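Not measured: the values here are computed from a predicted model.
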Amino acid sequence: MAEKSLMKGNEALAEAALRAGCKCFFGYPITPQTEIAAYLSKRMPKVGGVFLQAESEVAAINMVYGCAGSGIRCMTSSSSPGISLKSEGISYIAGADLPCVIIDVMRGGPGLGGIQPSQADYYQITKGVGHGDYHIIVLAPSTVQEMADCVTRAFDLADKYRMPAVVLADGLLGQMMEPVAFDDAEIIMSDASKKPWAANGHKNSRKHNIINSLYLQAPELERTIRERYERYAEIEKTETQAVADYCDDADIVVVAYGSTARLAKSAVDEARKLGIKAGAFRPVTLYPFPVNELNAAVKNAKKVLVVEMSMGQMVDDVKLAINCSRPVEFFGRTGGVIPAPAEILAKIKEMGGND
Amino acid sequence: MDNRKLTIVTGHYGAGKTNFSVNLALDIAARGEKCTVIDLDIVNPYFRTADFTGMFAEKGISLYAPVYANSNLDIPSLNIPLESILADGGYAVIDVGGDDEGAKALGRFAPVITAFGDSQMLYVINRYRYLTKEAADAVQVMREIEYSCGLLHTGIINNSSLGAETTEETVRSSLAFAEEVSRLSGLPICATCAAEGAMPEEAPEKYPIKRYVRNLWEK
């Protein structure tokens, strides 16, 4: 393991992208993720890559669309309002079967909302962002080290399944500092030549490739979508990831993701000290949602508590995943207010965890 | 560290300026002196001196921060009456945010600070910060800050840390780095900061600190 450095979450995301062979970054600044762009503006030219501050989020995502079509690893980053602006482009990229990585460091909404951390864009991100029948991969790290690791995984999954992958963080993760280590000292360069679909110039050596999301014949569009859903089925079967702590004998399983999972874990640790049988379950992949892992984790539980920095969005997926086999309750703070471990503990107690 | 009425704290962002500034202010207040903290960070939206409003009020420390700090408004507005704070006779600590960009805000006060005279400008270094691990890089950021604000540093604060994972060995491994920054910049090491149990015996200018800037799940 390489020596550890102290990094801000946003810096770790940016450095990890460079190391994963991201050669082009197109973005537009917005708090609380601007350090990603600031970092890459300094580092990208030094490794022979492209950093471009676009005139808007809409322009940036369309630059990603074009760049992804050439097979080069590329990325954009934004925060909630900016992601809304990118939604059309994300739909087009998914519709053209192109890989790219999008980082979303969530802040409070709706509208301009606020600049403090939030998880109120769970629906937006996990349900596809833009229009159409499609999915995007969503990874939700909860430490600065995991933020770095998730970026590499996002690029790999995006390439493997030819679709956009999102690393979903929130302002707290983006701004906090923690030790992080990067395994490879060397920066990996992606190889566009290994992507037979890429429109990257061939000098008449093969049939030309077309990047397109327009299918005017209904049966053809349906066939394309069905083919895509076969890939989604494979992803749902093989790519789920979650972390379960003390769930085996837990009466109450607390489900949370991202930075909220750390607050929830802290509350669960306190509950255990008080003799309350609480467990912590953290989905790392939000799409695909870790359905089997969650069912295994709540096997012996009487109740489930979902904690989010929102009015309750992932709570729907939790109910669906376990088919409402147990009562699912919710605790959340929103608008940029962070739930305190003591508040979560109080909710655990209120649910009968002190019996 | 010299006993100056005005201490200006700068550094590469994430080096630990805020934590150092909070420690310094609490020490000044503990000596029974009047102390004012000025949060001049126009760059970072979270984890800043303005987070300590409650603790400062308890210890009788005055705090000045940009009007909209920690609010939802993304506008850096500086309403700091530095002249009157300095004329008041007490101590003042200025926490300057994020690199050369942040130091621009300090530049506005350069004439007042120069005329005041009884000041020191300390550059906080952290050997574990990703882009300033080499002494030459740390010195370059230091020069960029000086260029940006029009004031010169007078000393170095070795605040090398890995946050919650900091051990005595972490600090020990940073001593040579701090010496090299000192040699390259021609400035003295004014303090080696470490929390209880992490201070190496051989560290120069020991300055024991507490870690006040932490995450909710560590509290």
Side-chain angles (χ1 to χ4, degrees), chain A residues 3-12 14-15 29-35 38-39 42-43 46 79 107-108 112-117 142-144 148 171-182 259-270 335-336 338-344, chain B residues 11-19 41-48 51 68-76 97-102 124-134 137 140-141 144 159-167 169-170 173-174 177 211 213-219:
Chain A
E3 193 192 59
K4 285 187 175 178
S5 304
L6 198 60
M7 290 186 100
K8 233 182 193 188
N10 284 335
E11 295 174 313
E15 179 62 26
I30 178 170
T31 305
Q33 62 81 52
T34 300
E35 292 85 1
Y39 188 94
K42 283 186 179 154
R43 291 272 288 141
K46 290 184 183 162
S79 176
R107 58 186 254 179
L112 266 179
I115 61 169
Q116 298 298 321
S142 79
T143 66
V144 173
L172 190 53
L173 288 171
Q175 294 296 325
M176 64 185 262
M177 310 226 4
E178 274 186 330
V180 55
F182 294 97
S259 60
T260 308
R262 295 178 76 169
L263 301 160
K265 173 72 175 14
S266 186
V268 166
D269 285 339
E270 280 305 308
I338 300 166
E343 293 176 314
I344 303 170
Chain B
H12 179 38
Y13 79 82
K17 291 179 296 293
T18 296
N19 201 58
D41 193 335
I42 55 160
V43 177
N44 292 296
Y46 327 151
F47 301 115
R48 47 187 301 156
D51 292 344
Y68 300 112
N70 282 355
S71 78
N72 272 340
L73 207 50
D74 224 345
I75 300 170
D99 294 2
D100 51 328
E101 292 298 327
V124 177
I125 57 170
N126 182 349
R127 206 220 122 187
Y128 300 95
R129 279 293 287 142
Y130 196 68
L131 291 182
T132 49
K133 286 185 140 182
E134 300 298 326
D137 294 331
Q140 194 192 326
V141 171
E144 284 167 5
N159 191 45
S160 295
S161 122
L162 277 171
E165 294 181 22
T166 310
T167 63
E169 198 43 48
T170 313
S173 304
S174 75
F177 164 80
R211 212 161 66 82
V213 181
R214 35 171 81 223
N215 287 305
L216 267 174
W217 49 82
E218 296 176 73
K219 281 172 185 166

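Checked by atom type, the side-chain pair A:Glu15/A:Tyr39 shows a donor-acceptor distance below 3.5 Å.
Evaluation of the ring pair (Phe, Tyr, Trp, His ring centres under 6.0 Å) rule for B:Phe177 yields no partner, not counting sequence neighbours. With sequence neighbours left out, B:Thr132 forms a side chain to side chain donor-acceptor pair (under 3.5 Å) with no residue at all.
In this structure, no portion of A:Leu112 lies under 4.5 Å from any heavy atom of chain B. At a 4.5 Å heavy-atom cutoff, the contact between A:Lys42 and chain B is made by side-chain atoms alone.
Counting heavy-atom pairs closer than 4.5 Å to chain B, the top residue among A:Gly108, A:Ala340, A:Pro117 is A:Pro117. With respect to chain A, the highest number of heavy-atom pairs below 4.5 Å among B:Gly14, B:Gly163, B:Ala15 belongs to B:Gly14.
Taken from CG in B:Leu162 to OG1 in B:Thr167, the straight-line distance is 8.0 Å, to the nearest 0.5 Å.
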